[in-house]
Amino acid sequence: LHIKNAKLKGATLIKTDTANMELTLENVTIETTDTMIRTGSNLKVKLHGSTLTSSVAVFDSETNMEVDVVNSTIESKNASAVKSKHNLKVRMEGGKIRGKKAGIDTNANLQLTMKKGAELFASDGPAVKTDSSFKLEADGGKIDGGLLMTSNADIVATGLVLTAKERALTGTSSVKLDWTEGSITSATDMAIDVDSSTDLTLINTKVQGATTAINCSSNSKI
């Protein structure tokens with residue numbers, strides 16, 4: 001499905017159990033009151049110069065969803081903007097993802113790439129919420145709302161600004177962080193809080209928490 005140069009408004013855009021759908025939106029503005037796009041597995045989305053706004057989730061897919069965001073905005077006013085259970089890939093070149101409860105909410109195997117000043121926000125929750133196997137590669141950009149994860153996180157960031165009202169980066173175990181020329185800041189709590197097996201490399205990076213900058217319980221390397 002390819003939609004170009006259009007303005008659409010309604011309850012929903014796509015609601016189906018169909019798998020293997022490919023969706024391209026180019027210079028499109030869409031507003032919905034319900035979940036905008038809900039599909040089965042293997043959804044592939046390409047956004048170019050588009051704005052998608054929903055009262056609840058914009059994307060809600062079971063597994064193996066891929067979303068390419070190029071100079072586009074995805075916004076949920078009352079829920080998480082992008083939801084998936086497993087194997088979610090989000091690639092951002094410019095553009096924004098905004099949510100209320102979360103920007104991106106998935107259970108496991110999240111791959112997130114941010115380039116060209118991409119921005120990720122959540123107003124009342126974490127910008128990214130995931131359980132295990134999280135991989136983030138960022139070249140510039142901003143994440144506001146924090147990263148909430150459990151285990152097996154691998155983060156490589158250059159020039160990335162991470163801020164949160166509460167904890168900016170939270171994990172349980174096996175968190176590897178390589179952060180250059182950026183910042184990690186919490187307004188009211190710890191900046192980095194990981195229980196065990198932490199490997200942090202910080203190069204010209206500011207880490208600032210209201211209570212603690214870095215909290216690690218055991219097996220930590222900084």
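As the structure is a prediction and not an experimental result, all values here were calculated from the model. Position 1 is the first residue of the sequence; numbering continues from there.
With hydrophobic clusters built from ILVMFWY side chains whose heavy atoms lie under 4.5 angstrom apart, Leu148 does not share a cluster with Trp179. Both Met21 and Val28 belong to a common hydrophobic cluster when Ile, Leu, Val, Met, Phe, Trp and Tyr are linked at side-chain heavy-atom distances under 4.5 angstrom. Under a hydrophobic clustering in which Ile, Leu, Val, Met, Phe, Trp and Tyr are joined whenever their side-chain heavy atoms come within less than 4.5 Å, directly or via other members, Met190 and Leu162 fall into different clusters.
When the options Lys44, Lys89, His48, Arg91 are evaluated for a side chain to side chain donor-acceptor pair (under 3.5 Å) with Asp68, the one that passes is Arg91. Checked against Phe134 for a side-chain contact (heavy atoms from CB on, under 4.5 Å), the options Ile155, Val175, Asn152 give a single hit: Ile155. Screening Val45, Leu47, Thr73 for a side-chain contact (heavy atoms from CB on, under 4.5 Å) with Leu52, the sole residue that qualifies is Leu47.
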Run the numbers on Arg38 and Thr35 for side chain to side chain donor-acceptor pair (under 3.5 Å), then give the verdict.
CA-CA 7 Å; Arg38 187 194 302 273; Thr35 300; 3.1 Å; yes
Can Thr158 and Asp139 be said to form a side chain to side chain donor-acceptor pair (under 3.5 Å), step by step?
CA-CA 5 Å; Thr158 301; Asp139 185 5; 5.4 Å; no
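When atom types are taken as modelled, the side chain of Ser72 and the backbone of Thr51 share no donor-acceptor pair closer than 3.5 angstrom. For Thr32 (side chain) and Gly10 (main-chain N/O), no donor-acceptor pair under 3.5 Å exists by modelled atom type. With hydrogens and angles disregarded, no donor-acceptor distance shorter than 3.5 Å links the side chain of Asn42 to the backbone of Ala19.
Salt-bridge formation is detected for the pair Lys135/Glu137: a Lys NZ or Arg NE/NH1/NH2 atom is positioned less than 4.0 Å from an Asp or Glu carboxylate oxygen. At a threshold of 4.0 Å, the pair Glu93-Lys115 does not count as salt-bridged, since none of the basic side-chain nitrogens sits closer than that to a carboxylate oxygen. The pair Glu22-Lys46 does not count as a salt bridge, with every side-chain nitrogen at least 4.0 angstrom from each carboxylate oxygen. Under a 4.0 Å N-O distance rule, the pair Lys176/Asp154 does not qualify as a salt bridge. A salt bridge is defined here as a Lys NZ or Arg NE, NH1 or NH2 lying under 4.0 Å from an Asp or Glu carboxylate O, and Lys83 with Asp105 fails to meet this definition.
Leu25 contributes atom CG, which lies 10.5 Å from atom OG1 of Thr29 (distance to the nearest 0.5 angstrom). How far NZ of Lys96 is from CG of Leu120: 12.0 Å, rounded to the nearest 0.5 Å. Separation of atoms SG (Cys216) and CG (Leu200) is listed at 5.5 Å; rounding is to 0.5 Å. Atom-to-atom distance recorded for Ser54:OG and Asp34:CG is 7.0 Å, nearest 0.5 angstrom. Considering CG of Asn109 and OG1 of Thr130, their distance stands at 8.0 Å, rounded to 0.5 Å.
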